[in-house]
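Please read the structure below before turning to the comments.
Letters A, B, ... are given to chains in the order of the sequence lines, protein chains preceding strands, and every chain is numbered from 1.
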Amino acid sequence: MSTPLLEVTDLAISFSHPRPAVRSVSVTVDRGEVVALVGESGSGKSMTARAIIGLLPDGARATGSVRLGGDELLGLGEKAYTAVRGRRVAMVFQEPQTALNPVRTIGWQIAEALRAHGGVRGKAARARAVELLTEVEIPDPEERLGWYPHQLSGGQKQRVVLALALANEPELLLADEPTTALDVTVQAEILALLRRIRDRTGTSILIITHNMGVVAHLADRVVVLRQGDVVEAAGTRELFAHPQHAYTRQLLAAVPRLPEADDGVRVLADAPAPTGEVAALEYDDVSVHYGSRMRGRVLPAVDGVTLRLERGQVLGLVGESGSGKTTLGRLAAGLVPLAGGRVRVGGEDLAGLRGRRRADLRRRLAFVHQDPEASLDPRFSIGEAIREPLDVHGVGSRAARDQRVAELLDAVRLPASFTKRRPRELSGGQRQRVALARALTLDPQLLVADEPTSALDVSVQAEVLELFADLQQRLGFACVFISHDLAVVNTVADHVAVLRAGKVVEHGAAARVFGDPAHEYTRRLLDAVPVPDPTVRDATGPALHEQREQIA
Amino acid sequence: MPRPPARPSLLRALVLALVSLLVVSSLAACSSAVKEASSGSEDSGPTDGGTLRIGSTNDIVPASIFTNSSDAANTLIGAVYDSLIDYPQDSLDPQPRLATSWEVAKDGLSITLQLRDDVTFHSGREFTSKDVEFSIKTWADPTWTVQLQRTAAAVTGFDTSDPHAITLSFDHPLSNIFDLLDMLPIIDSESFDQLKEGKAYVGTGPFVFTSWTPSSKLEFTRNDDYWGDEPHLDGIEVDIVSDPQAQVSQLRSGQLDLITGASNRDLETLGKDDSYTVTPFDGSVQQIYVGADLANPDLQDVKLRQAIAYALDRQRIVDDVFRGQGTPINLPWPDYSPAYDAKANETYAYDPDKAKELVSQLGSHPTIPLAYSAGNANYEAVAQIVQSDLEAVGIKTELQPVENSQFIKQLIGGTFGGLWILQHGYAHYTPSTLAVSAYPFNADKNASHFVDKQYKEDADAAWERVDGSDSGAVEIYQRLNKDLLDNLFLIEIALLHFTVASSDQVHDLGMSKRGELDLDAAYLSK
Amino acid sequence: MTHYLLRRLPSALVVLAVASFGIFAMVRMVPGDPVSTLAGPDATPEARAAIRADLGLDQPLLTQYVHWLGQLAHLDLGTSYRIGGQVKDLVADGAVNTIVLTLTALLLASLAALVCSVLAVVLDNRWVNAALSFGNTLAIALPTFVTGLVLILLFAVVLPVLPAGGTPPDGFIARPDIAAQYLLLPAVCLALGAGAALTRFLTEALRTEMRQPYVTTARALGISRRRIVLTQALRNALPSAVTVLGIQFGTLLGGAVLVEAIFTWPGLGGLIEEAISGRDYPLVQVLLLLSVTVFVVIQLLTDVVHAWLDPRIRIGGTGS
Amino acid sequence: MSESLLDVAAPEASDPDDQFDTRRRPGIWTALGRGKGLAGLILIGVVVALGLLAPLLAPHSPTEQIPGANLVGPSGAHWFGTDEVNRDILSRTLYGIRTDLLVVFLAVPIGAAIGILVGLVSSWWSFTDVIAQRVFDLVLAFPTLILAIALTAFVGPGLRTVFFVIVAVELPVFGRLTRTSVRTVREMPYVEAAHVIGAGSLWQLRRHVLPNSLEPLLVQLAVSMSVAVFIEGAMSFLGLGVRPPQPSLGSLIRDGVRNMYDAPYFAVGPLALVVALVLGLLLVSQALAEARRR
């Protein structure tokens, strides 16, 4: 057996100021192999990748050994490392929106990458650029050379980033969460592309991800990291089939799943017969426009949506970015001006109310943001944040309010000692619990949750989702739950509406929609979700490929 | 790894650009602006040629070109125009200029002047008696706001039948008629419209006006057809340098040859330096004074004004502010004036005890405003010393720097409401000129709101005389002196001399009594 | 692009319109009056009345304003009361000097900022940074009137190699080498603060750019830091730098008033001071209006250049 | 392994890129306790102390004209020498600081307070916004010194004019900044959250928007204070500043400049103090700005 292409031994990274360090990581990647580095925030997976390519942040120090094709990389000078980067190791980053220089054309950026290693220039560079864009399957590559990044979609941008990385035919490609920021269907395409690139060029890939679905789809081998240590390393199938370490097992268990074929579709009526009761929320042919009418650029964000949410039920809104799901949610909270139609909360039209009655209606409404960090005022203590709704509405005495805060903290399973802490001192999951507690302070009848778990690690997400489901059951509020993650919605929602370009394409009971989609788009969405099961990959792989060609 | 062929680095280019810019301009290897600036006299002989560069504090104002109000205007008038007669620096004995001789009628109601017949204007036109008439009539026009307007207007008859002689006749005798003839420039009537716009100044003088760049500079070249001795200088350039400090800097760096606006302190310093010459001109003087607005009830009591007069340490002001370039005075006249009275001039010698006593007799009085023109270092210093002197004897004042245009408005409107500090001129001419021309002394209306029958009588008597210096006149002047000292509506501080500083290459500077630089004989040496 | 410009034009015009009336009214509300300044202390009341009528100041305010607007519409800026001559000529003469001075200062400041900030970011050396930061702070902290005097004292008096002030005798074109020497001290004095501010901004902007993900991408491709700074970070920092440059230009114009006074540079600064103190209404009005116009135009210009430099605005719209 | 997954992740933030900071973010105030901030505070402190203690430290009254002591150079009796009307420059300098302190710590905050108020009002109600923005545009369109010259024509030279000019200049600066800052903060989810639970405009403004908009305003305050020292100096330099005999650092520098050639020591003290004050304020503003960026 030949020596592996990449051999990381006892890599440790320490920082000049306190932050999670990499304690001891050893990873090998063989030629042509795809290895996944899996772990949650703070596990050190990204730092490991950065150490390999020599781009650690300031103040970081790496020890141990990183060998590429037998050459030691760690400790190389900046100049020598520059020669290695791009030529022997290349890297693809998570966020395609910012990974490209916004003021330079695609063609310039590729040419620059080629120039860096004394490669071709002029016409030859242009030809090579077209070749690269063709390789990453960008349509009309000739024309695209003159485009700026902002003229491309997210998926196309990631393809360009990939083209840049491949420009100098590196032996090893590091891919740091390359699909996390993308919609599922695009994610599926990029994953398939990565696989094909490996197959075509024999480039080894080290992929860093937290998504077990992606792992199952792409990797030959998996290395699980946790707090800077390798917990487990095994072949993909073996790991999924027989996880050895408890952490790996928990990680796998925390992944929300979609109903699988053998689950058997629960039979549920699609639209529950109107009970005669007032609905918690009604969308009546609502439309929302973005852009200014004065400038003549009106874009429909929501286009004639009619939906109804009964009391005590959870309505999941799913769709890809730009589908209008968030707008619909914000509409329910009265945060977006309506262009047409009517929104009724508990039978009352929010837009038509004024003064006292509007305030009363607002008390029955709550909203949980996607970003738990930004949704809490950094100046407020946790206690003040949770108490604020009571203060605003002047509910109860001071003591009663504090009592209520304690209750709520307890309800979201946070210790009472958190009252005095600031949001910054909390983890993301804890902050989202606080946001949830605050939303529940006034016992709302309707809660709008906009991607409440998308910024969280899987394990934390699982906890929050469980908490949410529990609270919803106990308190019986109705909820609009917005997420791009079909599996997450599947775990909490009673009903699901699938949105596309501002329109509802399918609406029905969650189990029915996910288990037996009626609309072709829903099916495509479901198919694109990487299933955390390596056995499924082999079955769906070709199908994905065909699908991509359809889309292109 | 093959290195890409070296490209001219942007960074390197930038550094180069900046460095070269700095080097080129600061090293001044081949051509130095400083050297060129001071090379005006380098190639010329010791007497002829060169352009004299004069620094002036104020630019000319075409609308008030004849008011003697700015040093640039004075230089212009002195260089471009001739007057009919000339007073020497230190006397009131008229000397011929454009007029070769004259005769005053016995009754004092007319004067006949013989004019030169070899004089032409810069335009080439011959100078005749008509031009004298035109010039006097121009001065008599109130829109030009000339100080001697009343005197010019008193000339009512013009006999110009002989182009080279003129007879002027008056309604009443004019004791100061020679003052008018000394001050009045002979103006070209043909180019008068352009003069109003500041486009052309055509006279008969030693230098020809060539251009004016507002708030920047005036340029003159030698008049090759000058009727008198041809000037040595090729030309004059007047640079407007409003900051006195900057004038000194530019004199020191060789950009200017002569400056008119240096502070007395700088003059003192320059005087100690061999490379510079400081030239005081004794004949042309100005007086700095404290004015009192009698409309202010506190100032109405002459005792308070007397207290102020006693309280002022005039010698200290002359020494500290004017660096000795002046004389403490109680009366405005210079020592050669027929009105000069050495004894009377010391009536209010520095005596703070007397001042205190006077103040104590008055009882309490509120703080009196003390105004001065803002931005003038001398006035500011004098004002502060005056304030301090007055405070020492128990008179409280509040300094009020007033912007110049408002200062003049207050002066005209008589709205100071307190004390003010300013300079006046005209005391070195026939004494009556002061009383009828200098605004603060005007017996009819003045900024002090001082109205006094006796004073008016005496002023008019002085003016309407045939001779301004005979014993009868002196008698009237003594009465005037008494009026001034008794009423003290204007408390004189010091008599100041015009002083200029120049590089040691500048020689034979002169100055007219009017305060105009006389450059007829000036030259630049190597 | 044109659309971008069109959207900004109306508000600019409104500012100018409001400014014209505001300035006109304000100038006349200032105590003191041109006639007494013009006539001098010795003028008779009749003389003053004659001058007043001559200048049209006996007319009602609104009539005067309408008259002025009419003049402006015919590009006739009127005649100066005090200095005499056409306001147009006066302003043109002063403007040339001020513009030459300000633009030179702007050029110096931009060049210095470019060199210093690029050096700081490329070298990324502790000592270089500390030195630059120190020099920078000092340059901002030293008032213009201090640096100006020190410069004169050093280079014109102690070591007389450069003129202490004034403009080149033969203009700027005839002898550029001489002109450069006249320009150097005032321009450096004026440029110091702006240069320091620009350097500060640009260094910070470049550092921010160097932390952007696209830089990491570029570095991961094996492009050297230096090259990234010069070809990518700088290009990205440019649009916002242009905005700051626009602001700095305004500051420079303001600073020019002081620098012109120190170096006796016959520009608009001295003219405006003289015009205001002489209550020379036509001149004051035009100068103040000019000052607003320049500001508005610079704002427009920086917006346009900014938009032009940023393909996201220039080309607009997202693909797909 | 009984510990819950939650506890594992608990101490950490949710940043997906491993690059997060576990420390509690220090308030921007802590920046004043070290490095630049501390140096700046010390500089300001020294100047302020000298100004406040002027009556104790100054050997003479600032307006006392000492007989015979005309422009004498630095000596034991007069550390900074005397000026052209025989006053002790050291005493004048110490008292002069007070004038500048008045300008810095009174005029600027007044201008800032009005500006912030206008900015707040205008950022919340679009009607006032249009007017305020145009007025700000107009004021900002004039270079500061031209504004100063024009204003002086109205009220005459004096400390009052310096005050007016500083207020007039700072008002739009703070108005603008407040508006931008408020508009940014208003878009923050936590303000939206308050809105959703039914908090009124005033509540949002008072409890969330204003406190969170203060940091950039604070930085600007320090910058504006240093600018105020400049303005006072420049105005005094042009003769528009305080009225004599009251001393200010700017007027002392002007007097010093007038005597540049024969009393070069004159301006040294005032210059050093002006530079120290401006430098101190700048350093503080830089430290605050850097702490904010962190």
Segment of A:Leu376 engaging chain D (4.5 angstrom heavy-atom cut-off): backbone
Is there a donor-acceptor contact under 3.5 Å linking the side chains of A:Glu40 and A:Tyr247? yes
Main-chain N/O of A:Leu426 paired with A:Arg431 side-chain donor or acceptor, under 3.5 Å: yes
Please rank A:Val368, A:Asp391, A:Leu365, A:Asp360 by heavy-atom pairs under 4.5 Å with chain D and give me the top one. A:Asp391
Examine A:Phe367 together with D:His195 and report whether their ring centres are nearer than 6.0 Å. no
Using non-hydrogen atoms only, which part of A:Arg364 is less than 4.5 Å away from chain D: side chain, backbone, both, or neither? neither
Going by the angle between their ring planes, with limits at 30° and 60°, are D:His208 and A:Phe380 parallel, tilted or perpendicular? parallel
Which bit of A:Ala366 is near chain D, if near means a heavy-atom gap under 4.5 Å: side chain, backbone, both or neither? backbone
Chain A interface, residue from D:Val191, D:Val185, D:Ile197 that has the most non-hydrogen pairs under 4.5 Å: D:Ile197
Heavy-atom donor-acceptor pair, A:Gln432 side chain to A:Pro452 backbone, under 3.5 Å: yes
Under 4.5 Å from any heavy atom of chain D, what part of A:Asp371 do you find: side chain, backbone, both or neither? neither
If you count heavy-atom pairs under 4.5 Å between each of A:Ala333, A:Ala385, A:Pro378 and chain D, which one has the most? A:Pro378
